[in-house]
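Below is one structure, written out as structure tokens; comments come after it.
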Amino acid sequence: MQNLLHNLNPEQLAAVTLPPQNALILAGAGSGKTRVLTTRIAWLIQTGQVSPAGVLAVTFTNKAAKEMLARLGAMMPINTRGMWVGTFHGLCNRLLRTHYKDAALPQTFQILDSQDQLSMIKRLLKANNIDDEKFPPKQVMYFINNNKDQGLRASQVEAYDALERKLVELYQLYDDQCQREGVVDFAELLLRTYELLSRNEPLRQHYQQRFRHILVDEFQDTNNLQYAWLKLMAGHGSPFGGALFAVGDDDQSIYAFRGANVGNMQAFESEFRVQNLIKLEQNYRSHGHILDAANLLISNNSRRLGKNLRTDAGHGEPVRVYEASSDLQEAQWIIEEAKARIAEGATRREIAILYRSNAQSRVIEHALFSAGMPYHVYGGLRYFQRAEVKHAIAYLQLMDNPHNDSAFLRVVNFPARGIGARSIEQLQNAAAAYNCSLYAAVPYMVGKAGSALAGFTKLIEGVRFETQQLALPELVRITLDSSGLLQHYQNEKEGADRVENLEQMVSAATQFVSEEGFGQGAPAHLGPQASATAGAQVVVADGVEIIDADAPLASVMSPLSAFLSHASLEAGDNQAQEGQDALQLMTVHSAKGLEFDNVFITGLEEGLFPHESSSKEDGGVEEERRLMYVAITRARKRLYMSFCQTRMLHGQTRYNMKSRFFDELPEESLKWLTARVQQGNWFSTGSRKSAWDEMPSVPSADNRLAARINQASGASLGWRIGESVAHAKFGEGVIINIEGSGANCRAQINFGKSGIKVLDLSVAKLERV
DNA sequence: AGCAGCTTCGCGCAA
DNA sequence: CGAAGCTGCT
């Protein structure tokens, strides 16, 4: 016990040992937040205040949940598998599997990812003859998800004009279709659970009484539905309630786009009459200059709860800033710097390269690949999102729930088996006429198309029958074979990678079965009934018998259902070369919660970071600033920032200005690696080297670009494309094009806020910035 | 029916 | 730039 609380600072200790009441912990980046959370749980259990089964801990990512369980296991000799630690989505999935009847879902309901959801909406629009110009599928999806995130069903949404009424109508049609198919989207997992618990009193009371302590990580990222869900679970306003322990940092709220509401922190404080508010401001992660940069940057935001990080670590290295001529050269520079760090003894996994959007990784990946530098990309196209794996998953889904139309359409003619667009159209008409799934509509089809389709359903049923008594890995293997998928890719010229990915599914299944505590040989299809008595706890509340949705998963769902949930909810984040010492590439979003000795924040350009669409949104720039804050605070020892004069974006060269965030950082903590040309005309003073001259060896494409630009500058009175300039009236801008020569030389300049202007270079009074 | 090759479109982060 | 969707050929 002493051991447990050992080494905690006074604030951390206070947080860990708070009485069993609602509490809000404002935990700055690197302040030992996860440590406080896990130690709190361990302390509660060790002091006998709660049993492991009485704890509910909620996180946003699977990674965070896993880490919490691992740390708990290290602190106490308990079996953490039975504990309720997970993501909102994972926990809801477990609850809905257990109480599927009360939730009005089929036992084998399946989870739609956003891809599936979008394609379903497209189908829906087509089937109802709705103009997808007027109702872009993405917008319809946004409308639906947004309302679900607010806890609103179609019948509860208020529509003020014809357009909204139509959207509401589509929302209803969409939900009906999901129900018919037995599928739920991500938001539905939460909403359905919320509705289940709010309508079913015995069930609600059961869980409220069970969970004495509810702990929430990253509370600033909760959306309104998640907050309401927590309120319900914590029994707020009921005599059964437990204590809610929320840990969050308003400065790291970066998920507004998926409905997160920082206001939940203040709401929680007042609604739950929180007496215990503790700020953790001591940072154990970053050196001084890095922290100073983070603090000054974030001070530009308004409406903060107020918090300032401090460190005892000393100033450390300054933040290094680099201006690259192009995105290619930026990548080149990163590699040079990374090599230098590695030569000094840094490991590759302690070097992170962060970017604002996934598309930026391509150039960097290409450069790393050419340089033979091992790297690992997080996010991006995950294992279970790859086309071939999704195909295989679709076959498995059909085996478990043949009424999943998305799965049906994905593979009904893949590999090709003579079922074309025309047959599908007929089948869809039949399904609409009989108000049933595509699978169920097959018997209504006649003729050639009918027999081809019947062949397909026979295939599915055959495999299902054949594998009835087999364990999950065998089921997967046989499915890959019988579906013809494996053979299809084996025959394909460049299908080797895909075959490998498919074969990896068998090992993924093997690993899954053992990790989740299913018996090695447990039949994949077998419903939970057979094993229900083994794990599930049956309790009686108010005379109503309740099967508690307790771990292990085996007690509430079949191995196959569980595996499919796993594929949807985890998407196989780290399936790729784990354990290898590689550079870490990821978006700033996915870097949240992680830390590295060396961090590169790349592409710090206006339009990219902050992202251009953020300026149109209310509070968008503040969110981008928080995102930048998250990025900076990932670094322990060394932080790099870079931006490019030219960048390939959406297939064309763009000339961006450096990010406004540079103006919000403490000058004394920065070290510019490239000459800041503000101090004079570096073009005419031969002595001063420019950023361009200092370039390390660059790819030929870049040389060509540099040559082209230099050529342009000869006839353009010393100005060149990509250069930053200042104009008395228009402010700062970037030269994006130069036309003509000599006295007729004109430049097209992007002045950002003032727009793009064409100025006569012999007349305009421009200054170099 | 099925595929190659062409055009068009859209493009931010993600459980 | 890349994915999705369309056309027209076999």
Side-chain angles (χ1 to χ4, degrees), chain A residues 58-65 86-93 111-115 117-119 122 126 132-133 136-139 141-142 145 148-149 184-190 218 221-223 225-226 253-260 327 354-363 366 378-382 384-385 387 412-425 448-449 452 492 565-573 586-592 603 607-617 620 623-624 626-628 630-631 647-654:
Chain A
V58 193
T59 63
F60 275 84
T61 63
N62 296 297
K63 204 187 276 166
T87 62
F88 276 104
H89 295 91
L91 295 166
C92 286
N93 182 44
I111 301 162
L112 289 182
D113 63 22
S114 7
Q115 271 178 38
Q117 189 185 20
L118 188 64
S119 71
K122 283 181 185 167
K126 209 171 244 174
D132 58 3
E133 301 256 295
K138 284 220 165 144
Q139 227 164 286
M141 178 158 105
Y142 180 80
N145 289 340
K148 287 192 179 185
D149 285 345
V184 298
D185 57 54
F186 286 134
E188 182 73 23
L189 280 171
L190 278 128
E218 310 277 13
D221 286 332
T222 52
N223 64 32
L225 177 57
Q226 286 159 339
S253 161
I254 54 172
Y255 283 104
F257 70 91
R258 61 176 201 211
D327 46 354
L354 310 184
Y355 34 82
R356 174 66 180 81
S357 55
N358 278 309
Q360 286 166 253
S361 78
R362 259 197 46 252
V363 175
H366 183 78
Y378 283 83
L381 197 60
R382 294 197 186 74
F384 285 112
Q385 291 174 341
V412 65
N413 198 34
F414 193 93
R417 42 176 78 88
I419 299 167
R422 180 118 191 94
S423 310
I424 295 299
E425 203 177 304
K448 223 168 114 187
E492 206 171 62
S565 301
H566 167 78
S568 307
L569 293 176
E570 299 208 26
D573 224 352
M586 65 193 85
T587 62
V588 181
H589 279 90
S590 40
K592 187 157 80 150
L608 211 69
F609 199 176
H611 197 273
E612 58 188 344
S613 47
S614 71
S615 58
K616 296 174 206 123
E617 290 156 21
E623 172 129 334
E624 295 290 306
R626 288 192 295 270
L627 197 52
M628 180 66 183
V630 167
R647 169 181 300 278
M648 246 342 218
L649 202 66
H650 310 324
Q652 53 185 345
T653 310
R654 301 242 312 225

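All values below were derived from every heavy atom in this structure, side-chain atoms included, with hydrogens, water molecules and symmetry-related copies excluded. Every chain is numbered from 1, with letters handed out A, B, ... down the list of sequences. Computed from a predicted structure; not experimentally measured.
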>> So if I take every side-chain heavy atom of Phe257(A) and compare against dA15(B), dG12(B), dA14(B), which nucleotide ends up nearest?
In response: dA14(B)

> Would Asp221(A) and Lys592(A) pass as an ion pair if we require N to O under 4.0 Å?
Replying inline: yes

> Within the structure, does a side-chain N or O atom of Asn358(A) lie under 4.0 Å from either OP1 or OP2 of dC11(B)?
Replying inline: no

>> Rounded to whole Å, how long is the line connecting atom CZ of Phe60(A) with atom C1' of dA14(B)?
In response: 12 Å

> Quick one: is dA14(B) close enough that its OP1 or OP2 comes under 4.0 Å of any side-chain N or O from Thr61(A)?
Replying inline: no

> Under 3.5 Å, is there a donor-acceptor pair between the side chain of Gln226(A) and the main chain of Asn223(A)?
Replying inline: yes

> Quick one: the side chain of Glu617(A) and the base of dG12(B), do they pair up donor-acceptor inside 3.5 Å?
Replying inline: yes

>> Taking any heavy-atom pair under 4.0 Å as a contact, classify Arg422(A): base, sugar-phosphate, or nothing.
In response: sugar-phosphate

> Distance only, no hydrogens: is a donor on one side chain within 3.5 Å (strictly under) of an acceptor on the other, for Gln360(A) and Ser357(A)?
Replying inline: yes

> Between the main-chain N or O of Val412(A) and the side-chain N or O of Arg417(A), is there a donor-acceptor pair closer than 3.5 Å?
Replying inline: yes

>> Using heavy-atom distances to pick each residue's nearest nucleotide on DNA chain B, tell me which of Lys448(A) and Ile254(A) is more 5'.
In response: Lys448(A)

>> For dG10(B), is there a stacking contact with His650(A), counting only centres under 5.5 Å and planes under 30°?
In response: no

> Do the side-chain N or O atoms of Asn413(A) get closer than 4.0 angstrom to the phosphate oxygens (OP1, OP2) of dA1(B)?
Replying inline: no

> Taking only side-chain nitrogens and oxygens of Lys592(A), does any of them come within less than 4.0 Å of OP1 or OP2 of dA14(B)?
Replying inline: no

>> Let's see if you can work this out: which of dA14(B), dG5(C), dC3(B) has an atom nearest to the side-chain heavy atoms of Ala416(A)?
In response: dC3(B)

> OP1 or OP2 of dA1(B) sitting under 4.0 Å from any side-chain N/O of Ser423(A)?
Replying inline: yes

>> On DNA chain B, does the nearest nucleotide to Ala449(A) precede the nearest nucleotide to Ser357(A) from the 5' side, or the other way round? Give the residue.
In response: Ala449(A)

>> Categorize Phe186(A) for me: base, sugar-phosphate, or nothing, with a 4.0 angstrom heavy-atom threshold over every strand shown.
In response: base

> Just how far, in rounded Å, is P of dA14(B) from CG of Asp113(A)?
Replying inline: 14 Å

> Touch check for Ser613(A), heavy atoms < 4.0 angstrom, all strands: base, sugar-phosphate only, or nothing?
Replying inline: base

>> Any salt bridge linking Lys148(A) with Asp185(A)? Criterion: basic side-chain nitrogen under 4.0 Å from a carboxylate oxygen.
In response: yes

> For Phe384(A) and dA15(B), what is the distance between atoms CZ and P respectively, to the nearest whole Å?
Replying inline: 14 Å

>> I need the NE2-P distance between His366(A) and dG2(C), as an integer number of Å.
In response: 11 Å

> Please give, in whole Å, the distance from dA14(B) P to His611(A) NE2?
Replying inline: 12 Å

> Can you tell me if the side-chain N/O atoms of Arg362(A) get under 4.0 Å from OP1 or OP2 in dG2(C)?
Replying inline: yes

>> Between P on dA15(B) and OH on Tyr378(A), what's the gap in Å once rounded to a whole number?
In response: 13 Å

> Say you pick atom C1' in dA4(C) and the same atom in dC13(B); how far apart are they, in whole Å?
Replying inline: 22 Å

> The side chain of Lys122(A) lies closest to which of these nucleotides: dG5(C), dG12(B), dA14(B)?
Replying inline: dG5(C)

>> Whole angstroms only, please: what is the NZ-C1' distance between Lys138(A) and dC11(B)?
In response: 8 Å

>> Centroid distance below 5.5 Å plus an interplanar angle below 30 degrees: do Tyr255(A) and dC13(B) meet both conditions?
In response: no

>> Considering every strand and a 4.0 Å limit on heavy-atom distances, what is the contact class for Gln385(A): base, sugar-phosphate, or nothing?
In response: nothing

> Can you tell if the side chain of Phe60(A) reaches within under 4.5 Å of the side chain of Thr87(A), non-hydrogen atoms only?
Replying inline: no

>> Is the phosphate of dA14(B) approached by Thr587(A) (side-chain N or O, under 4.0 Å from OP1 or OP2)?
In response: yes

> So what does Arg417(A) touch, heavy atoms closer than 4.0 Å: a base, only the sugar-phosphate, or nothing?
Replying inline: sugar-phosphate

> Rounded to whole angstroms, how far apart are CZ on Arg356(A) and C1' on dC11(B)?
Replying inline: 13 Å

> For Glu425(A), does the CD atom sit with more than 12 other heavy atoms under 6.0 Å from it, leaving out its own atoms?
Replying inline: no

> Considering only heavy atoms and no angle criterion, is a donor-acceptor pair shorter than 3.5 Å present between the side chain of Glu623(A) and the base of dG12(B)?
Replying inline: no

